[in-house]
Amino acid sequence: MYELLNQIHSPKDLKKLTVPEMETLCREIRQKIIRTVATNGGHLSSNLGVVELTVALHRVFDLPRDSIVWDVGHQSYTHKILTGRMEALDTIRTEGGLCGFPKRQESPYDAFTVGHSSTSISAALGIATAKTLKGEPGNVVAVIGDGALTGGLAYEGLNNAGRNAKNLIVILNDNTMSISRNVGSITGHLTKLRTMPAYLKAKGDIETMLSDLPVLGEPIYQVIHRSKHLIKKAIYHTTLFEDLGFSYYGPINGHNIPNLIEFLENAKEIQKPVLLHVVTQKGRGYRYAERNPGKFHGVSSFNIRTGQGSPSSTNFSEVFGKALCELAKKDDSICAITAAMQTGTGLNSFAALYPRRFFDVGIAEQHAITFAGGLSSAGMKPVCAIYSTFLQRGFDQIIHDAAIQRTKVVLAIDRAGIVGEDGETHQGIFDVPFLNSVPNVTMYSPAYYDELRHDLKTVLYDCPYVGAVRYPRGKELYRPDDYEFHGEPFIVYGDAQAKIAIVTYGRLFSYACLARESLLEKGVSVKIVKLNQIKPIDPQALEAALSCRQVFFFEEGILQGGVGERFYFLLGQKGFHGRYTLRGVDNTFVPHAKVSQSLAHLGLDDKGMETTILEQQTTE
C-alpha cells in the first residue's frame, strides 16, 4: 500500500527520489493521513493541504541542523511521517502515543512545541538569532497558515524579524481558511496578491527581454531592479511584507513540487529575511474535505467512503448558541464575538440570524476582549465565545479593558476543563485560577444544559460587571432523577446531615453523584455541595460544609489559585476544624488522552473520588 513511504525513515531518504517519485509519495502520505484520522480523529483538512510543501521543505533543508517551526501545529502530520514517526502515526492523539502537534520532547526534528497559533515567527526568530550568536550554521523556517496571520503576535514577530534576521524564511501557507473562513483586511490583501499575477508575468517578461540585449541589457535591468518597489506599488497598491524588511516572493503554487523546491533553494541563498507566499488547498486529495474544509478541520473518527462520522448529539456549545439566539431575539443590544471559531463555539445560527451583531475577529483573542470592552462602554452587551485554552491570550485585556473599566463583558468559556486528545496545549485548566485573581469578575460553572441557559441569562442581566460562564467540551453527563435546579448559587445534594462532604462544580458533579451512590452501598453517607457560582463563593455554601468532619474538594483544573484553595481559606476563616482534602491538577500539564482516561489518572472520576474517601475512612 505504501511502497515509497515505507522507504522513508528520515528526511535524507527524500533526497534520493525523483520528482515523479515524490509526487507518488505525496499520494501515499495522503492515504496514510486519511486512514489514520478516520480511525483516531484529528486535524484532517489542514494536513492534507501541506503535503507537497512539507515534502519540498524536507527535500531542500537539512533537519535538524536547519529548523522548521509549524504554525499552527495541527498541520504537522506529514512532517512527523517524514521524520521517522510513520510507524507510530497510528498512535497519534492516543494515550502514550504521538502528540497531535509538534513537541520538542518527542523528536529532535520538532524545533518548537506549537499548539496555539501565531507563535511561529517570534519563535523562529529566536532560534535563528541563537544560531547567529553561537556561530552555528543553518536556516530557520516558520510555516504560518490556517489564519494564524490574523493574530497580532505574528506581526510583532514580522516587525522584529525584518530588521535583523538573515537566516530566516517565513512561509505563508495561504489556504484562505483558519477554522472558520478567514476574515479581515489581511485576507483581502492576500486575495489581492493571489489574483494579481500581472506583476510576476510582467517582471519575468522584462527580465527575459533585457537579458537578451548585448550591452545595455544589464544596466537597464539593474535600474529597474532598484526601482521594483515602485512597480509593485503601482500594481499591488501596497508592499506590506517588503516594507517590514522581507524579500517577498509569490504567490507560489503550493502543490507543484519542482516550483516549491526551486523557490526554497533560492530563498536559502538570500542574505535577508524572506517571505514565500504559498497558496494551498485545504483538504486536498479527499473530496469531502475539499468540499467542506471547515467540517474536516478537526474531526472524530469517520467512514472514509462516505465521509460521515458518528451521529452528533446535543452538546454544550450548541446549547449555548441556541440560548444566546433566544436572548438576542428579545434584546437587540446583545452581540456575539468569536475568534475564528464560529462553528466550534456554536454561533452559526447567531451569525445567520443576526449578522450585524455577529463579529468574527480572526485569531485575535486580545482584540476580541478589548473590542468587547469598547462595545460595552457604549451600551451594548457583548458575549465573547472563546475556548478556555485560547482565552489565556486575552488575560491582560480582561484585567485592563474589561474588569478595571467595570464593563458588562460576558465570557462564554467553551472547552473548560480536560479536553482530551489535543493534550497539554489545549487543556482548559487555567481559566479559573487566573479569573479568580481578577476583581469585578463573577464566574459560573454549570453541570447541565438548563444550568447553562440560566447562567448565561444571569451574567447578562444580573452581574454588574464582567461575567463568565465556563462549560466543558461535549455533552452533559449523568444526572440523578431527584436532582433539581432552581437557579441557586449552590445546592446541597444528598443527606444534609452527613459529616462527610464532597464539594465540587461543573461536570465533576456527575461523577460525585455516582461516587456517592457507590459509597452509600458501602455504608458511607456523603453529601455533595455543588457550587454553581464559583466566584464569589456564596457564604451559605461554606456553612453547608463547616460542620463536617471531612471535606473533599474535587476540581477539574489547576489547584494553585483554584476554587478549592479559596474554599479552604474561607472555611478556615470561619473556624473549620475538620480534615480537608483537595484533589485536582497539581502544578503539572496534562498530556493527551481520552477525557475519561485523564480524569481517572487525576483521581477525578467517580472511582477516584470513592477511593480517596474510603482511604481516609480506613486511616482514622
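For the single chain, residues carry numbers from 1 onward in sequence order. None of the values given here were measured: they were computed from a predicted structure.
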What I want to check is whether the side chains of Q560 and N587 have a donor and an acceptor closer together than 3.5 Å. no

Would you mind reporting whether F316 and P472 have side-chain heavy atoms less than 4.5 Å apart? yes

Going by an N to O cut-off under 4.0 Å, is there a salt bridge joining R507 and E476? no

Is there a donor-acceptor contact under 3.5 Å linking the side chains of S317 and R415? yes

H116 versus T425, side-chain donor and acceptor atoms under 3.5 Å: no

Looking only at heavy atoms, which two atoms of G562 and V432 are closest? And how far apart? CA-CG1, 4.3 Å

Is the centre of the Y444 ring less than 6.0 Å from the centre of the H454 ring? no

Taking the six-membered ring for Trp, are the ring centroids of H426 and Y387 within less than 6.0 Å of each other? no

Derivation and outcome, side-chain contact (heavy atoms from CB on, under 4.5 Å), residues I537 and R566: CA-CA 9 Å; I537 296 170; R566 180 66 178 167; 3.9 Å; yes

Please name the pair of heavy atoms, one in A416 and one in D431, separated by the smallest distance, quoted to 0.1 Å. CB-OD1, 4.5 Å

List the steps, then state whether side-chain contact (heavy atoms from CB on, under 4.5 Å) holds for C513 with I528. CA-CA 8 Å; C513 290; I528 303 172; 4.0 Å; yes

Taking all heavy atoms of A544 and all of V492, pick out the closest pair and write down the distance. CB-CG2, 3.7 Å

Is a donor from one side chain sitting under 3.5 angstrom from an acceptor on the other, for N348 and Q342? yes

Reported CG-to-CD distance for the pair D606 and E517, which is rounded to 0.5 angstrom: 9.5 Å

Considering only heavy atoms from C-beta outward, does the side chain of I34 approach that of V37 to under 4.5 Å? no

Once rounded to the nearest 0.5 Å, what's the spacing between atom CD of E555 and atom CG of L531? 9.5 Å

Are Y77 and I92 side-chain neighbours, meaning at least one heavy-atom pair lies under 4.5 Å? yes

Closest contact, heavy atoms only, A154 versus L149: CB-CD1, 4.1 Å

Does OH belonging to Y461 count more than 12 external heavy atoms closer than 6.0 Å? yes

Checking side-chain contact (heavy atoms from CB on, under 4.5 Å) against D422, which of H592, R93, H74 comes through? R93

Kindly indicate, with the supporting measurements, whether the criterion salt bridge (Lys or Arg N to Asp or Glu O under 4.0 Å) is fulfilled by D332 and R356. CA-CA 10 Å; D332 60 10; R356 293 184 67 249; over 6 Å; no

Mind checking whether D331 and K381 have side chains closer than 4.5 Å, heavy atoms only? yes

Salt bridge or not between K80 and E106? Use side-chain N to carboxylate O under 4.0 Å. yes

Between E290 and K282, is there a salt bridge with N-O shorter than 4.0 Å? no

Pair D414, R473 - check salt bridge (Lys or Arg N to Asp or Glu O under 4.0 Å), show working. CA-CA 7 Å; D414 203 327; R473 180 181 187 180; over 6 Å; no

I need the Q397 CD to Q366 CD distance, nearest 0.5 Å. 4.5 Å

Please give me the minimum heavy-atom distance between L559 and D586, naming the atom from each residue. CD1-CB, 3.9 Å

Ring centres under 6.0 angstrom apart (F359, F371): yes

Using the rule given for side-chain contact (heavy atoms from CB on, under 4.5 Å), can you reason through F320 versus R453, listing the C-alpha separation, both sets of side-chain angles and the distance that settles it, and then say yes or no? CA-CA 7 Å; F320 157 75; R453 287 187 285 264; over 6 Å; no

Would you please say whether a donor-acceptor pair under 3.5 Å links the side chains of K522 and S518? yes

Should E365 and H367 be marked as a side chain to side chain donor-acceptor pair (under 3.5 Å) after you check the CA-CA gap, both sets of side-chain angles, and the distance that decides it? CA-CA 5 Å; E365 288 79 6; H367 166 63; over 6 Å; no

Check the pair E318, K322 against salt bridge (Lys or Arg N to Asp or Glu O under 4.0 Å), reporting the backbone distance first and the verdict last. CA-CA 6 Å; E318 182 182 333; K322 289 181 179 178; 3.2 Å; yes

Are Y505 and F490 an aromatic pair, judged by ring center distance below 6.0 Å? no

Does the side chain of Q550 pick up a donor-acceptor pair with the side chain of Y580 at under 3.5 Å? no

Parallel, tilted or perpendicular, judged at 30° and 60°: which one describes the rings of F509 and Y483? tilted

So, is the end of the K530 side chain (NZ or CZ) under 6.0 Å from the ring centre of Y493 and within 45° of the ring's axis? no

At what distance, to the nearest 0.5 angstrom, does CG of D455 lie from OG of S445? 8.5 Å

Rounded distance [0.5 Å steps], SG in C463 versus CG in N440: 11.5 Å

Side chain proximity check, I386 to I413, heavy atoms < 4.5 angstrom: no

Between I502 and F554, is any pair of side-chain heavy atoms under 4.5 Å apart? yes

Enter the distance from N315:CG to Y471:OH here, rounded to the nearest 0.5 Å. 9.5 Å

Is the terminal nitrogen or CZ of R357 (NZ for Lys, CZ for Arg) located under 6.0 angstrom from the six-membered ring centre of Y354 and within 45° of that ring's axis? yes

Short side-chain to backbone donor-acceptor contact, T150 and G362, under 3.5 Å: no

If you count every heavy atom of other residues, nucleotides or ligands that lies below 6.0 Å from Y568 atom OH, does the total exceed 12? no

Against the six-membered ring of F112, is R104 placed for a cation-pi contact (under 6.0 Å from the centre, within 45° of the normal)? no

Determine whether V459 and T442 make a side-chain contact, defined as any pair of heavy atoms from C-beta on separated by less than 4.5 Å. no

Contact check, side chains of S437 and F395, non-hydrogen atoms, under 4.5 Å: yes

For the pair R516 and D495, find out whether any cationic side-chain nitrogen is under 4.0 Å from an anionic carboxylate oxygen. no

